Amino acid sequence: MTIWVDADAAPGAVKDILTKASLTRGVDVMLVANRWLPKPRAARVQTVVVPAGADVADDYIVEHCQAGDLVITADIPLADRVIERGCEVITAYGRELDAENVREALNMRDFKEELRDLGVMTGGPPPYGQSQKQAFANALDRWITRNQRA
């Protein structure tokens, strides 16, 4: 089992939590980005730098992830693609996406995009703070525990 991270947009706190999980829980983490990332000091955390371009990191993750892996991303279209491959998804805010709710998330994303295109302010995500970090850490812990038992 591998945890794939859409690392270009992942908050630093998420990468820190994942690095700690790799050390304490023995999970493999792949940080995928289209820019250089410092490699965390953990043997089970790897970085992959892909060429710049729209969806290049997403395409890399989709091509390399396997059923049963976890993908960390806020990119709902990427989430949809990896769920189709049998992966699970957690956002940096701790929201778990699966085959049952990813379509709803896609519809909401598209609706908000239409509103922005019309000039209606929809706002962005809430600031990333302690409660968001805790929600992510809890969701990650549930996933690791569930998958290490299997």
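Since we're looking at a predicted model, the values are computed, not measured. FYI, the numbering just counts along the sequence from 1. Every heavy atom of this structure was used, including side-chain atoms; hydrogens, water molecules and symmetry mates were not.
Leu23 and Val27 end up in different hydrophobic clusters when Ile, Leu, Val, Met, Phe, Trp and Tyr side chains are linked at under 4.5 Å. In this structure, Val49 is not a member of the same hydrophobic cluster as Val71, with clusters built from ILVMFWY side-chain heavy atoms closer than 4.5 Å. Residue Ile90 is grouped with residue Ile144 when hydrophobic side chains (ILVMFWY) are merged at heavy-atom distances under 4.5 angstrom, including chains of intermediate members.
Between atom CD of residue Gln134 and atom CG of residue Asp141 there is a gap of 9.5 Å, rounded to the nearest 0.5 Å. Here OG of Ser131 is found 9.5 Å from OH of Tyr93. Values are rounded to the nearest 0.5 Å. With rounding to the nearest 0.5 angstrom, the CD1 atom of Ile61 is 12.0 Å from the OG1 atom of Thr2. With values rounded to the nearest 0.5 angstrom, Arg44 atom CZ is found 12.5 Å from Met30 atom CE. Gln132 contributes atom CD, which lies 14.5 Å from atom CZ of Arg95 (distance to the nearest 0.5 angstrom). Taking CG of Asp80 as the start and CG of Leu97 as the end, the distance is 9.5 Å to the nearest 0.5 Å.
A pairwise comparison of heavy atoms in Asp58 and Asp55 identifies OD2-OD1, 3.2 Å as the closest pair. Contact record, Trp4 with Asp69: NE1-OD2, 3.0 Å, taken as the closest heavy-atom pair. Across Phe136 and Ala92, no two heavy atoms sit closer than the pair CB-O, 3.2 Å. Nearest heavy atoms, Thr19 versus Pro40: OG1-CB, 3.5 Å. For Ile83 against Ala99, the heavy-atom pair with the smallest separation is CG2-N, 3.6 Å. The nearest pair of heavy atoms linking Asn34 to Ala52 is CB-CA, 4.0 Å.
Lys15 places a side-chain N or O within 3.5 Å of a backbone atom of Ala7 that can act as its donor or acceptor partner. Using modelled atom types, no side-chain atom of Arg81 and backbone atom of Val62 make a donor-acceptor pair closer than 3.5 Å.
Between Gln148 and Met1 the shortest side-chain heavy-atom distance falls below 4.5 Å. Contact annotation: the side chain of Val29 approaches that of Val5 to within less than 4.5 Å [non-hydrogen atoms, C-beta and beyond]. For the pair Leu140 and Ile3, the minimum side-chain heavy-atom distance is below 4.5 Å. Using a 4.5 Å heavy-atom cutoff, the side chains of Arg142 and Glu96 are in contact. The shortest distance between side-chain heavy atoms of Val89 and Cys87 does not fall below 4.5 Å. Under the 4.5 Å side-chain criterion, counting only non-hydrogen atoms from C-beta, Asp28 is not in contact with Gln46.
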For salt bridge (Lys or Arg N to Asp or Glu O under 4.0 Å), just list the numbers for Lys133 and Asp16, CA-CA rounded to whole Å, side-chain angles, deciding distance to a tenth of an Å, and then say yes or no. CA-CA 10 Å; Lys133 285 176 19 181; Asp16 294 342; over 6 Å; no
(request) Apply salt bridge (Lys or Arg N to Asp or Glu O under 4.0 Å) to the pair Arg35 and Asp8, showing each step before the final yes or no. (result) CA-CA 8 Å; Arg35 59 182 166 76; Asp8 285 317; 3.8 Å; yes
TODO: Please assess Ile72 against Thr91 for the test side-chain contact (heavy atoms from CB on, under 4.5 Å), listing each intermediate value before the final yes or no.
DONE: CA-CA 6 Å; Ile72 309 300; Thr91 70; over 6 Å; no
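A donor-acceptor pair shorter than 3.5 Å can be found between the side chains of Arg25 and Thr145.
For NZ of Lys20, the number of neighbouring non-hydrogen atoms (other residues, nucleotides, ligands) closer than 6.0 Å is 12 at most.
Look at Glu88 and Arg146 and you find a salt bridge, because one of the NZ, NE, NH1 or NH2 atoms lies within 4.0 Å of a carboxylate O, short of that distance.
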